[in-house]
Structures are given as structure tokens and as C-alpha cells.
Amino acid sequence: MHVKPCNYSNLTKILLSLCSKSKSFLQTKQTHAFAILHGLLPTDISISASLILRYSAFSSPSTCHLLFQQALPYSRTPFLWNTFIRALSIARVKHDGFQFHVYNTMLRTGIKPDVHTFPFLLKACADVFCFKKGVEIHGSVIKTGFGADVSVGNTLLLFYGNCGGLRETRKVFDEMRERDVVSWNTVLGVFSVNGFYLEALNFFSLMNFSSGMKPNMVTFVTLLPVCGRIGDKRLVAQIHGSVVKVGFNFEVSIGNALVDAYGKCWNSDDSKRVFDEMVDKNGVSWNAIITSLAYMGLNRDALDMFRLMMDVGLKPDSFTISSMIALLVELEFFNLAKEIHGFSLRFGIEHDVFISNTLIDMYAKSGHPSAASNVFHHMNVRRNVVSWNAMVANFAQNRLELAAIELLREMQAHGEVPDSITLTNVLPACGQVGFLRNGKEIHGRTIRLGSNHDLFVSNALTDMYAKCGYLNLAQNVFNNSVKDEISYNILIVGYSQTSEWTKSVVLFSEMGLIGLKHDVVSFMGVVSACANQAAFKQGKEIHGLAVRKHFHTHLFVANSLLDFYTTCGEIDTARKLFDQIQHKDVASWNTMILGYGMLGELNLAISFFEALKEAGIEYDSVSYIAILSACSHGGLLDEGRKYFEAMKAQKFKPTEMHYACMVDLLGRAGLLEEAEQLIKSLPITPDANIWGALLGACRIFGNVGLGCWAAENLFKLKPQHAGYYTVLSNMFAEAGKWDEANRVKEMMKLRGARKKPGCSWVHIQDQDRNVKMGKEVRGSRVSMDTLIWPYTVSKGSTPWHPSEAGKEQWRAGAHIDQKPVPEFDHFYYQPSLAGLPLGQYLMLKELLSAQF
DNA sequence: GCAGTCCAAG
């Protein structure tokens with residue numbers, strides 16, 4: 001048998017081509033060692049070049065550099081230089097523009113660039129959006145006379161197209177001496193990726209009908225996504241016709257593009273038909289049909305198609321896996337998504353930036369922020385901007401706002417440039433914690449980035465300002481942007497919690513007038529606006545509208561209505577609505593408990609709380625706030641203590657709000673010392689609500705000493721809050737200590753604390769009357785958000801009253817002239833429970849009022 | 001040359 005003499009050079013080349021197919025780092029390293037062992041490396045430049053390219057695929061620019069340096073100087077031909085430049089681009093050496101340094105070194109060494117050098121350099125510029133460098137290289141192209149070369153011209157087109165200079169692209173195209181089909185396709189692609197879809201279509205007809213250039217397959221593959229983007233079914237069908245005419249319809253890539261394009265214009269029948277009729281199918285075809293179905297919202301069909309793909313015995317690739325996980329996250333099938341991830345591990349395709357990104361998203365959306373971080377930190381592929389964005393979203397959506405804001409800094413330190421999606425992700429975090437300064441900074445950035453007119457961005461900005469309590473700034477962004485339903489909802493909800501609540505109602509009706517549809521959030525916002533101000537008439541009208549439009553059955557809207565009727569004192573109506581809600585959630589129950597507590601129906605409050613425990617609904621810490629506040633309203637000391645102990649015995653950790661309730665409960669029962677002890681032994685720093693409760697109690701019982709202590713702490717926390725000064729001053733006055741009383745008033749003036757005039761809307765016998773607050777309001781419906789303390793008189797249970805002296809004064813109405821009504825944001829007066837936990841809302845309010 | 005990941009109101 002004749003054995004061919006072994007040619008190690010050829011063998012290495014074969015091995016390298018195998019490495020290219022298997023994409024195995026280990027094999028590449030083994031081949032590298034093999035080449036060194038057989039003395040091929042410093043001399044054989046074709047092997048050096050191949051290895052450099054192989055390593056570039058694993059983002060190892062340093063190894064590429066080493067291989068290049070090891071190559072003997074005389075063997076460094078333009079070919080090797082070009083390969084090195086190209087490898088650096090593939091390895092994505094972005095930050096330092098090392099390619100250009102290499103190019104300059106090449107020129108200095110006396111090597112003349114050849115016809116391949118410029119395309120590689122221009123491609124590098126296009127990839128890293130380096131406009132200045134590209135223009136410079138364009139200059140060298142002209143100087144060296146390579147401008148006439150069609151492939152150089154084509155990369156120039158690509159460069160100018162990528163870096164956004166559409167005018168320049170056209171100019172280069174028009175000035176090209178020679179054009180081939182690639183030139184036409186490149187411009188077509190440039191139009192397509194930059195969103196100039198109509199221009200792309202015009203350009204295609206120019207090519208097809210006027211230039212005499214015959215479109216090739218690439219032309220159609222580039223054109224079809226454009227048709228899909230435009231969403232024109234007839235256009236896709238037309239292109240489909242042309243494709244059939246020139247006989248490209250049996251090509252896999254054309255079939256794939258057709259499946260996708262039909263899907264994008266919501267033509268599921270033709271999308272499926274093209275897929276079924278494809279003679280040749282590859283993985284892309286299956287991915288295309290799966291993503292098309294998912295795009296059209298046919299999630300179940302997409303899932304079935306994935307199963308079919310597995311049944312046929314096709315191996316899913318990273319495209320399949322990432323889109324399947326995204327699909328399952330959308331369906332909230334988190335367990336199934338994890339299973340699919342397991343699949344990908346088995347197939348060894350988890351090292352993909354797309355898969356990692358979807359995994360981050362999956363864990364974030366399923367409420368496992370640390371698992372998401374874990375994926376992020378252990379990614380063994382290069383993170384891209386989407387990875388960072390997903391992480392920012394992970395933090396922002398899982399109540400780790402500070403981490404989200406911090407990550408924005410960190411990503412820049414890692415050389416990643418935030419895009420408009422990053423900013424839309426951080427903005428909610430800024431709003432959530434009331435970081436106005438950071439929010440404004442980001443606003444500035446969006447303007448510099450030119451993305452402030454992006455609907456997502458402008459909505460996020462509006463929301464951020466609204467959440468920070470700057471409705472004027474929110475309105476400003478709103479006025480200067482395009483608006484959709486969400487923009488309106490943001491402002492409706494934003495105004496609903498303020499004194500300008502009527503703007504919510506105005507925006508609500510304006511929405512209808514300009515043809516935008518109200519949705520659940522619009523109704524929720526406007527009802528809660530009415531609830532906050534006890535605007536009974538408007539609220540009832542909107543309730544009527546909600547019924548007509550069938551929104552009243554939606555849980556969130558129903559909860560807002562409950563809140564509305566309870567704050568308006570219409571507890572019986574609230575009860576009727578409550579009974580009609582089919583699937584009540586914990587907020588529905590909490591609202592009722594708080595409502596009954598507020599109106600002094602203590603037995604009902606307690607029986608509702610007990611019923612909630614029985615109902616099999618997971619009650620939360622807000623439920624305890626509601627029942628504790630009911631107990632303190634009714635002076636039910638023992639019950640309150642019992643519930644507080646029961647709560648601690650469970651998994652609930654008492655928050656500031658719970659302690660405030662307890663201080664209030666003890667204080668009103670006259671157990672001021674015990675309240676004092678409780679505050680001193682707190683495991684947390686007492687907040688304004690806790691001190692406020694103590695101050696209120698001291699005021700009732702005329703305990704000036706303790707009251708001073710509470711007030712001092714309040715002054716530290718909220719120096720601008722007029723209410724606290726007033727209460728303290730009045731306490732001194734009642735104790736006959738006029739000097740001290742005046743001193744407190746002086747202090748208040750000095751610190752610039754302003755009092756706000758108070759007034760309350762009382763509805764008596766369906767008549768709206770604006771009355772001065774403080775009158776006996778027995779049996780009427782009262783909005784209590786401006787009262788100093790809740791003054792409720794109930795039938796049926798033991799009424800609780802302020803101290804006799806205080807009561808007398810109250811009855812006489814003497815305080816109306818003497819005492820300004822302080823704005824006192826104690827939690828009783830903010831009974832907005834709809835949808836979200838009260839505690840959180842108040843914490844936010846607290847943060848919002850903090851000075852920056 | 002085709003396909004996939006991240007974003008706003010509650």
C-alpha cells in the first residue's frame with residue numbers, strides 16, 4: 001500500500017478548517033500546538049494567518065497579536081497585515097482603535113496597502129461608528145488611487161451608510177465609476193437598517209426597472225424584511241410573485257425571508273403556507289416560523305411548532321433557544337423556560353450572548369434578581385449593551401433602584417455606551433426613589449442622544465417627573481412630545497394624587513376627544529383622583545362610564561371604586577361592589593378593612609380581617625396596617641396589641657408604618673410612657689409617621705415634655721413642615737406657656753415653613769357644600785385628608801374622643817380662627833389603597849419630599 | 001445575504 005508522504009502544512013490547514021466548523025477553542029489550541037511542534041509557525045504565513053483568524057473568533061486579540069509578532073519580519077506581507085487588521089475587528093477591539101494603529105505601523109514599515117486593506121479598515125470604522133477615521137481613510141483611498149475599485153467603493157457605501165451619513169452614501173454611489181449588484185444591495189441594506197423603508201422600495205424599483213441591473217437573491221433577501229416592516233401584505237405578495245418569476249422561490253433563504261415577512265404583516269396563513277411548501281428547510285426556517293407565530297401573538301402555535309421541530313429531530317440552535325425563552329417568559333411559563341435552558345446546556349449552546357440576555361430577563365421577570373445577576377456575572381461571552389440593559393431593568397423592576405442607577409455608571413466604566421433603552425430602564429428607578437437630579441441628568445442625555453422624542457423615552461421622562469412630584473415638568477415633557485394612551489395615563493395617574501386632581505379628569509376626557517381609547521389604567525387613575533379628593537359627583541359619573549364601557553369588572557378599577565366609595569363615606573355602596581368582585585385580591589380586602597376602620601365600623605373591620613384570613617388569599621403587611629389603624633381609631637387597645645403580636649409571630653417584619661400604628665394606638669389610649677418606651681426600643685430609625693403619632697397623642701393629653709421630644713425629632717426630619725410647629729405651639733398655648741408658644745411660631749417663620757389653608761368637602765344629602773372643617777360631621781361623608789387627627793364618631797362602638805379640653809375647643813370651633821389647619825401627612829389621611837400597598841406609597845412620598 | 005435578546009402607565 002502506498003502511503004503519501006505526510007505534509008504537515010496541509011494537515012494543519014485541514015485541522016484549522018475543522019476548527020472553523022466546530023468552533024472549538026480547545027481544538028484550536030491543540031492545532032496551534034501541533035503547528036509549533038512541527039516547526040511551521042513563524043515561517044508559514046498562511047498558517048499564521050489562519051490561526052490569527054481562528055483566535056479572533058474567540059475574542060483573543062492578545063493571542064492574535066502574539067502570533068503576528070512571532071511571524072518573521074520578512075514574511076509580513078500585506079496579506080498578513082490585512083489579516084491581522086481584520087482579526088482585530090472580528091475580536092471586537094473597540095475601545096482603542098488598535099486596527100488603525102496597526103495600519104499606521106504597516107505604512108511606517110514601508111508596506112504598501114493593497115486592494116484588500118481598505119475594505120477591512122473601512123469595515124472596522126463602520127463597525128465602531130468611527131466617522132472621523134473613516135473619512136480620513138476615504139482620503140487615503142482617493143490618494144492611493146484605489147477609489148476606482150468596486151469592492152473599495154462598496155465598503156465605502158457600507159461605511160457611510162452605517163455611520164448615518166445617508167447623503168454621503170448617495171454621493172459615493174452616484175460618483176462610483178463602476179457599480180455591481182453588491183453596490184445596489186449595499187445601498188438597499190443601508191436604507192433598510194436605517195428605517196428608510198419607502199426609499200428602499202424606490203431604490204429597488206430604480207434598480208429593477210431603470211438601471212438594467214438584475215437583482216440577485218441577496219436583493220430579495222434584503223428587500224423582504226423592508227416589506228415586512230412596512231407591514232403591507234400586498235407588497236409582500238407582489239415581491240413573492242417576482243421571486244417566483246425569476247425562480248428563486250425554491251431557495252431556502254428566500255423561503256425563510258418570506259415566512260418572516262408574511263409573519264411581520266400579520267398574515268399567518270401565507271406564512272404557514274410558505275413554510276409548509278418549502279422543499280428545503282433548515283434551522284432558520286423553523287426559527288422563522290416560530291418567531292413569526294410568536295410575533296402574531298400565536299404563542300401556543302409557536303410552542304407547538306417548537307415541539308414539532310424537536311420531533312422531526314432538528315437540533316435547536318441559540319436562535320431557537322433565545323426566542324423560545326422570550327416566548328415562554330411572555331406566557332409567564334417560567335418553569336418551562338428553565339427547562340428549555342436545560343436543553344441548551346445539554347446541546348452545549350449556552351455560550352451565546354442572546355441566550356444569556358434572555359436568561360437575565362427571565363430571572364428578572366420571575367422576580368429572582370439575584371439569579372439574574374448570577375447569569376450576568378458568569379457570562380462567558382462578551383456582554384453587550386442589551387445585557388447591561390437587561391440588568392438595569394432587573395434592578396429597576398425588582399425594587400433595587402439604587403443598584404439600577406449605579407449600574408448605569410458601571411456600564412460606562414466598562415466602556416459600554418448607554419442607549420435609549422438603557423435610559424428608559426433607569427428612569428423608572430429614578431422616579432421610584434425620587435431622584436430628581438439623576439432624572440434630570442438623564443433627561444439631558446436623551447436630548448444629547450436625540451432620543452428625547454422617542455415615545456418610550458418621553459413617556460418614561462414624564463413618568464419620572466410625575467413620580468418625583470414635579471407635575472409641571474412632567475406636563476412640559478408631555479406638551480412637547482408625541483402622545484399615546486400611555487402618555488395620558490401617566491399624567492392622569494400623576495395628577496390624581498395631587499391638589500390638581502381636576503387635571504386628571506380633564507385629561508381623561510381630552511383623551512376620548514382626540515380619539516385615544518381609555519383603558520384600565522385611565523379609569524383607575526381618574527377614579528383614584530376622585531377618591532383622593534372625595535369628589536363624589538365626578539367619581540359617580542366616571543363609575544357610570546366605567547359600567548357602560550365594561551371596565552368596572554376589572555379588578556384594578558373595582559378596587560379604585562372601592563377606595564373611592566369608602567373615602568366618600570359610602571361604605572354600603574363599597575360593600576355592594578366588593579361583594580360583586582368575583583376574584584378579590586388582597587387590595588380589595590385591605591381597602592374594605594381600612595374603610596370600615598376609618599368610619600368607625602370596628603366590628604366589621606375586624607370581621608373582614610378575619611374573613612380575609614379565612615378566604616385563602618395571601619394577606620400582606622398592608623392588611624395589618626389596615627387592621628391596626630382600625631384598632632387605633634376605635635381605641636381597641638387589646639385587639640391592636642393582639643394583632644401586632646400575631647403579625648410578628650408570622651413572617652411579617654413590622655415596618656415604620658406598623659410601629660406608627662402602635663404608637664398611635666398606645667398614645668390615644670393614654671399610655672404615653674409605653675409609647676415612648678416602644679420608640680426607644682425600635683430596631684429601626686423612627687420616621688416622621690412614628691413621631692407624628694406620638695406628637696398627636698401628646699397633644700391630646702397635654703403632655704408637653706414628651707411632645708417636645710417628638711417635635712424636635714420631627715423638626716429634624718421635616719424642617720419645612722408647618723403642621724408640626726403649629727401643633728407644638730398650640731400645646732404650649734393650651735398649657736398656658738405663651739412665651740414658648742410664640743417662640744415656636746418664630747422658629748417656624750425663621751425656617752420658612754408655610755402653612756396651607758385647609759378645607760374639606762362634605763357632602764350632605766347629595767348636596768355638595770364646601771364647609772369649613774372641624775364642624776360636627778356626624779353621619780355625613782367627609783374627606784379627612786386635611787384633619788389634624790381623625791375625628792370619627794361611630795354608631796355601635798365606643799367612640800373615641802380627644803381630651804376633654806380639646807373636645808370643648810373643637811366643639812366651640814374656636815380653633816378654626818386660631819389654629820391654621822396643618823397639612824399633616826399622617827397615613828390616615830391618605831387612604832389611597834387601590835392597587836398598591838399603602839406603606840410603599842407613603843415611603844415614596846417621604847422620599848419625594850426629601851431635599852436634594 | 002435571511003432569523004433571535006433589552007424599553008414607558010398600574
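Note on naming: letters A, B, ... go to the chains in the order of the sequence lines (proteins, then strands), and numbering restarts at 1 for each one.
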Using a heavy-atom cut-off of under 4.0 Å over every strand shown, decide if Asp519(A) touches base, sugar-phosphate, or nothing. base

Contact class for Asn216(A) (heavy atom, under 4.0 Å): base, sugar-phosphate, or nothing? nothing

Do [X] and [Y] have side-chain N/O donor and acceptor atoms under 3.5 Å apart?
X	Y	result
Asn384(A)	Asn357(A)	yes
Asn459(A)	Asp484(A)	yes
Asn216(A)	Thr219(A)	yes

Which letters describe nucleotides 1-6 of chain B, given B = protein heavy atom under 4.0 Å from base, S = only from sugar-phosphate, - = neither? BBBBBB

What integer distance in Å separates [X]:[atom1] from [N]:[atom2]?
X	N	atom1	atom2	answer
Ile490(A)	dA9(B)	CD1	P	6 Å
Leu491(A)	dG10(B)	CG	P	12 Å
Asn459(A)	dA9(B)	CG	P	9 Å
Leu461(A)	dA8(B)	CG	C1'	10 Å

Salt-bridge criterion met for Arg307(A) and Asp304(A) (N-O under 4.0 Å): yes

Could you list the residues that satisfy salt bridge (charged side-chain N to carboxylate O under 4.0 Å, His left out) with Glu485(A), not counting sequence neighbours? none

Please determine if a side-chain N or O atom of Lys467(A) lies less than 4.0 Å away from the OP1 or OP2 oxygen of dG10(B). yes

Quick check: do Met464(A) and Cys468(A) have side-chain heavy atoms less than 4.5 Å from each other? yes

